[in-house]
**Student:** 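One structure follows; several queries about it will come next.
Letters A, B, ... mirror the listed sequences (proteins, then strands); counts begin at 1.
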Amino acid sequence: MSADSSTATQTVPVLVPTPSPEPYTYALGEGMQAGPGTIVQVPLGPRQVPGVVWDGAGEDAAVDPKKLRPVTAVFDCPPLTGDMRRFIGWVARYTLSAPGMVARMVLRVPAAFEPEPPVPGLQLTERRPERMTAARERVLALAGESSPMAWTRSGLAHAAGVSLSVVDGLTKAGAFEEIALPPQPVVAAPDPAYGAPDLQGEQAQAAKALADEVAAHAFSVTLLEGVTGAGKTEVYFEAIAAALEAGRQVLVMLPEIALTQSFIDRFEARFGAPPAPWHSDLPPKTREKVWRQVAEGSVRVVAGARSALFLPFADLGLIVVDEEHDAAYKQEDRVYYNARDMAVVRAKLAHCPAVLVSATPSVETRHNALEGRYRHVRLPRRFADAALPDVALVDMRKSPPARGGFLSPVLLEAMAETLQRGEQSLLFLNRRGYAPLTLCRACGHRFACENCSAWLVEHRFRGQLQCHHCGHHEPVPEACPQCGTFDHLVACGPGIERIAEETLAHFPEARVIVLSSDMVGGVKRLRLEMESIAKGEADIIIGTQLVAKGHNFPLLTLVGVVDADLGLANGDPRAAERTFQLLSQVTGRAGRTGRKSHGLIQTYQPEHPVLKACADGDLEAFYAAQIAERKRGAMPPFGRLAAIIVSANDRQSAEAHGRALRAAAPASGDIMVLGPAEAPLALVRGRHRFRLLVHGSERADMQAYLRAMIAAAPNPRGSVRVAVDVDPQSFL
DNA sequence: AGCACGCCGACT
DNA sequence: GTCGGCGTGCTC
């Protein structure tokens with residue numbers, strides 16, 4: 001600080017929620033203190049916004065003093081730690097977004113920056129009322145037993161079984177005095193010694209390996225890999241226990257869908273208290289409390305979706321990323337990031353271990369483990385006597401389904417046997433509705449969406465044709481809109497409704513349940529159906545992707561994959577990986593009880609290496625092939641682009657380029673650059689704003705590619721702005 | 001005239 | 001990201 005600073009206005013750099021590449025400078029009022037990390041409120045245009053005081057004195061890039069506006073308020077809140085500030089800066093640079101927009105993700109808690117108001121409470125005094133009643137006796141007895149403890153007004157009334165007026169009367173008579181209670185913790189403290197399991201063999205070894213990493217108090221990454229049912233959760237719970245014993249905080253990240261009551265219940269059974277939850281639809285009050293108490297360090301364990309990574313932990317000792325391969329970790333709006341990768345960075349900056357957990361790790365994580373960058377801890381066997389199902393491919397050319405059907409005799413036979421034994425079967429098909437395409441046999445007209453040109457999917461149960469891209473729907477017409485012919489519309493291909501129809505035709509007595517995300521009755525109904533399945537109230541379950549994740553079907557002994565070829569040829573650069581993960585997950589649903597179980601995978605390409613790897617359970621072959629393929633690819637550290645379209649930042653020309661790409665029908669994995677030849681260079685130099693159209697599942701990966709491109713030819717002005725958009729049609 | 005909508009620049 | 005200003009073009 002210069003010598004004359006006492007006379008000049010004090011200024012501070014503040015990150016504000018704008019796309020500005022730099023912090024703004026604000027004047028600090030007389031007597032205000034605000035070091036780096038302090039959370040403040042500042043005026044921005046016509047509004048007041050939260051901001052965080054950034055590092056650097058702010059005197060060099062001198063702003064026009066006339067523009068300087070004063071900091072409105074300095075919050076009484078723990079400042080963001082140096083780790084947290086470095087993390088914000090790192091994420092901003094890596095994702096090509098403005099640091100203020102990253103800070104915004106940290107500060108997106110409406111009113112958590114002021115200390116929680118104390119709760120009004122009552123404490124017993126020496127005085128007693130003149131008139132005593134039975135109700136008053138009860139209250140005084142209860143309050144007397146727990147001598148130093150204070151009560152809330154309603155809590156005391158409730159516990160004593162009296163009305164509020166009894167308590168109020170006693171307070172008025174001077175038997176209680178009003179005191180201020182500290183704010184309630186959102187969750188009780190978890191106890192690492194509560195419900196400690198007696199792990200044996202491989203589980204015990206794995207748990208020790210993780211606990212050692214936690215004890216080392218240093219950055220490390222471990223891949224915890226194990227088949228479904230091997231007890232991965234129990235093992236990483238021991239790493240959490242180790243961090244708790246060391247007095248540090250823990251973040252457990254889960255894909256939103258896995259943040260279920262059953263996870264919370266398991267956690268509570270192990271630690272005697274639930275973790276603090278964090279996800280997008282947490283009630284605002286809880287949200288504020290969790291944020292505040294995480295910042296103060298009183299919340300010890302958070303279980304959250306990807307946004308939990310931006311909570312301001314006071315002393316982070318461990319990050320667990322469960323289901324690390326899950327695509328839900330990719331945030332694909334505003335700031336584009338993959339929370340799994342950012343978790344590793346956060347752990348590095350916080351000098352703590354990260355544990356990535358999966359039965360089917362992503363190819364890049366598996367590669368990092370094989371290369372020795374990550375420690376690799378494996379649980380190859382199922383826990384207790386549960387055995388993995390025997391999985392076999394069904395060659396549909398050799399045992400074709402009956403005309404008009406989609407289930408091969410082999411699968412139907414296995415279903416019949418399973419039914420006879422009184423056991424459950426699951427048929428998996430990743431397609432909602434009755435049929436994915438409807439056409440007119442008279443003129444060949446195909447029903448397509450008027451907005452986005454995707455085929456309309458027939459939903460026979462609702463009597464509608466639906467577009468799964470934009471939500472457009474129309475009733476199924478009786479005549480062809482093109483040629484007017486009646487009764488010539490045919491459904492092409494299967495959806496789960498159609499599979500249900502075929503199943504009921506073969507097994508009219510069976511109790512069949514159909515599960516999909518668009519189920520009538522919503523999430524509530526879905527949960528009820530899941531419960532009735534667990535109770536054995538269904539014989540055959542037919543479902544989409546939804547059945548692969550989260551829920552367990554304890555009685556299941558047969559899994560049939562209706563069409564394994566479905567996901568393999570859709571142009572997604574991760575098609576092979578995703579198919580492998582999905583099929584492993586869905587066949588892994590079977591056999592949890594220890595009964596003999598089977599998986600049957602129907603395919604027209606039984607020699608396909610991905611499907612063979614699924615049938616043989618040969619992970620090594622699968623990963624070796626994928627890694628080799630990625631290494632040949634263009635995307636760092638590896639990975640391949642489906643396509644890049646570089647075009648001017650207006651929707652019309654971007655869409656024109658999308659159409660051009662479709663016309664060119666690119667081979668999967670090719671890189672295409674459309675637009676002027678120098679477009680990529682112009683992008684790097686920041687002369688224009690560009691829009692990229694890429695396959696929906698790969699936008700976060702695309703960031704990595706762009707980052708490498710820009711690193712190769714740095715942009716001196718640092719002003720490249722990239723918007724990444726999806727054109728769901730480009731690769732169909 | 002009145003206003004809905006889209007584009008553009010400023011915000012410290 | 002969010003706001004206000006301003007121009008265009010349409011409706012009452």
Side-chain angles (χ1 to χ4, degrees), chain A residues 1-2 5 8-30 32-75 79-80 85 88-89 91-113 280 284 287 306-307 310 331-337 647-656 686-692 699-700 703 717-725:
Chain A
M1 204 176 288
S2 52
S5 66
T9 322
Q10 257 206 8
T11 63
V12 278
V14 177
L15 277 193
V16 285
T18 65
S20 161
E22 302 200 326
Y24 281 178
T25 308
Y26 283 86
L28 204 53
E30 201 68 22
M32 273 186 176
Q33 292 288 317
T38 308
I39 298 170
V40 292
Q41 188 173 51
V42 290
L44 183 68
R47 37 191 196 128
Q48 294 286 327
V49 294
V52 42
V53 176
W54 214 232
D55 302 76
E59 74 282 314
D60 36 12
V63 290
D64 183 352
K66 284 197 284 291
K67 277 188 173 179
L68 266 187
R69 294 170 79 185
V71 170
T72 311
V74 176
F75 289 115
L80 299 188
R85 281 175 275 136
I88 290 172
V91 172
R93 281 191 297 282
Y94 186 85
T95 61
L96 309 175
S97 35
M101 297 313 293
V102 180
R104 182 176 176 266
M105 300 196 290
V106 179
L107 302 182
R108 217 163 28 187
V109 246
F113 312 134
S280 53
R287 202 179 169 78
R306 58 173 185 250
S307 58
F310 293 92
Q331 163 130 45
E332 312 215 306
D333 62 341
R334 300 178 180 91
V335 178
Y336 289 67
Y337 65 91
S647 67
N649 186 28
D650 68 290
R651 181 150 272 283
Q652 282 202 334
S653 65
E655 280 168 1
R687 280 195 280 141
H688 304 290
R689 291 160 73 193
F690 287 95
R691 182 172 293 251
L692 299 175
R699 283 172 289 177
Q703 286 285 349
R717 294 197 297 130
S719 62
V720 176
R721 286 197 52 187
V722 179
V724 183
D725 198 7

**Student:** Can you measure A/Lys66 atom NZ to B/dC11 atom P for me and round it to whole angstrom units?
**Tutor:**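 Checked: the NZ to P distance equals 12 Å.
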**Student:** Just the rounded figure in Å: distance from C1' of B/dA10 to NZ of A/Lys67.
**Tutor:**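 Rounded to the whole Å, the gap is 8 Å.
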**Student:** Could you tell me the separation between the CD atom of A/Gln41 and the P atom of B/dC11, rounded to a whole number of Å?
**Tutor:**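 Between P of B/dC11 and CD of A/Gln41: 20 Å.
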**Student:** Spell out, as yes or no, whether a donor-acceptor pair under 3.5 Å connects the side chain of A/Arg104 to the backbone of A/Gly51.
**Tutor:**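 No, the answer is negative, given that no donor and acceptor are paired below the 3.5 Å cut-off.
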**Student:** Could you give the OH-to-P distance, from A/Tyr24 to B/dC11, as a whole number of Å?
**Tutor:**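 From A/Tyr24 OH to B/dC11 P: 8 Å.
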**Student:** Looking at A/Leu80, is its backbone amide N or carbonyl O close enough to the side chain of A/Arg85 to form a donor-acceptor pair, meaning the two atoms are under 3.5 Å apart?
**Tutor:**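 Pair found, side chain donor or acceptor close to backbone of A/Leu80.
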**Student:** Could you check whether any side-chain heavy atom of A/Tyr24 comes within less than 4.5 Å of a side-chain heavy atom of A/Trp54, counting everything from C-beta outward?
**Tutor:**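 No - every pair of side-chain heavy atoms lies 4.5 Å or more apart.
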**Student:** Can you measure A/Arg69 atom CZ to B/dA10 atom C1' for me and round it to whole angstrom units?
**Tutor:**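 Atom CZ in A/Arg69 sits about 12 Å away from atom C1' in B/dA10.
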**Student:** So, is A/Arg47 close to the C/dT2 phosphate, meaning a side-chain N or O under 4.0 Å from OP1 or OP2?
**Tutor:**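 No, outside the criterion.
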**Student:** In whole Å, what is the span from the CG atom of A/Leu107 to the C1' atom of C/dG1?
**Tutor:**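 So the two atoms are 14 Å apart, to the nearest Å.
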**Student:** Out of C/dT2, B/dC11, C/dC3, which has the shortest distance to the side chain of A/Arg104?
**Tutor:**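 Looking only at side-chain atoms, A/Arg104 lies closest to C/dT2.
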**Student:** What integer distance in Å separates A/Gln48:CD from C/dT2:P?
**Tutor:**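 From A/Gln48 CD to C/dT2 P: 16 Å.
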**Student:** Nearest whole Å is fine: how far is C/dG1 C1' from A/Leu15 CG?
**Tutor:**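 So the CG-C1' distance, A/Leu15 to C/dG1, works out to 14 Å.
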**Student:** If the plane angle is over 60° it's perpendicular, under 30° parallel, otherwise tilted; pick one for A/Phe113 and A/Phe75.
**Tutor:**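 Correct class here is tilted.
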**Student:** Quick check for you: among C/dG1, B/dT12, C/dG4, whose closest atom lies nearest to any side-chain atom of A/Thr18?
**Tutor:**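 That would be C/dG1.
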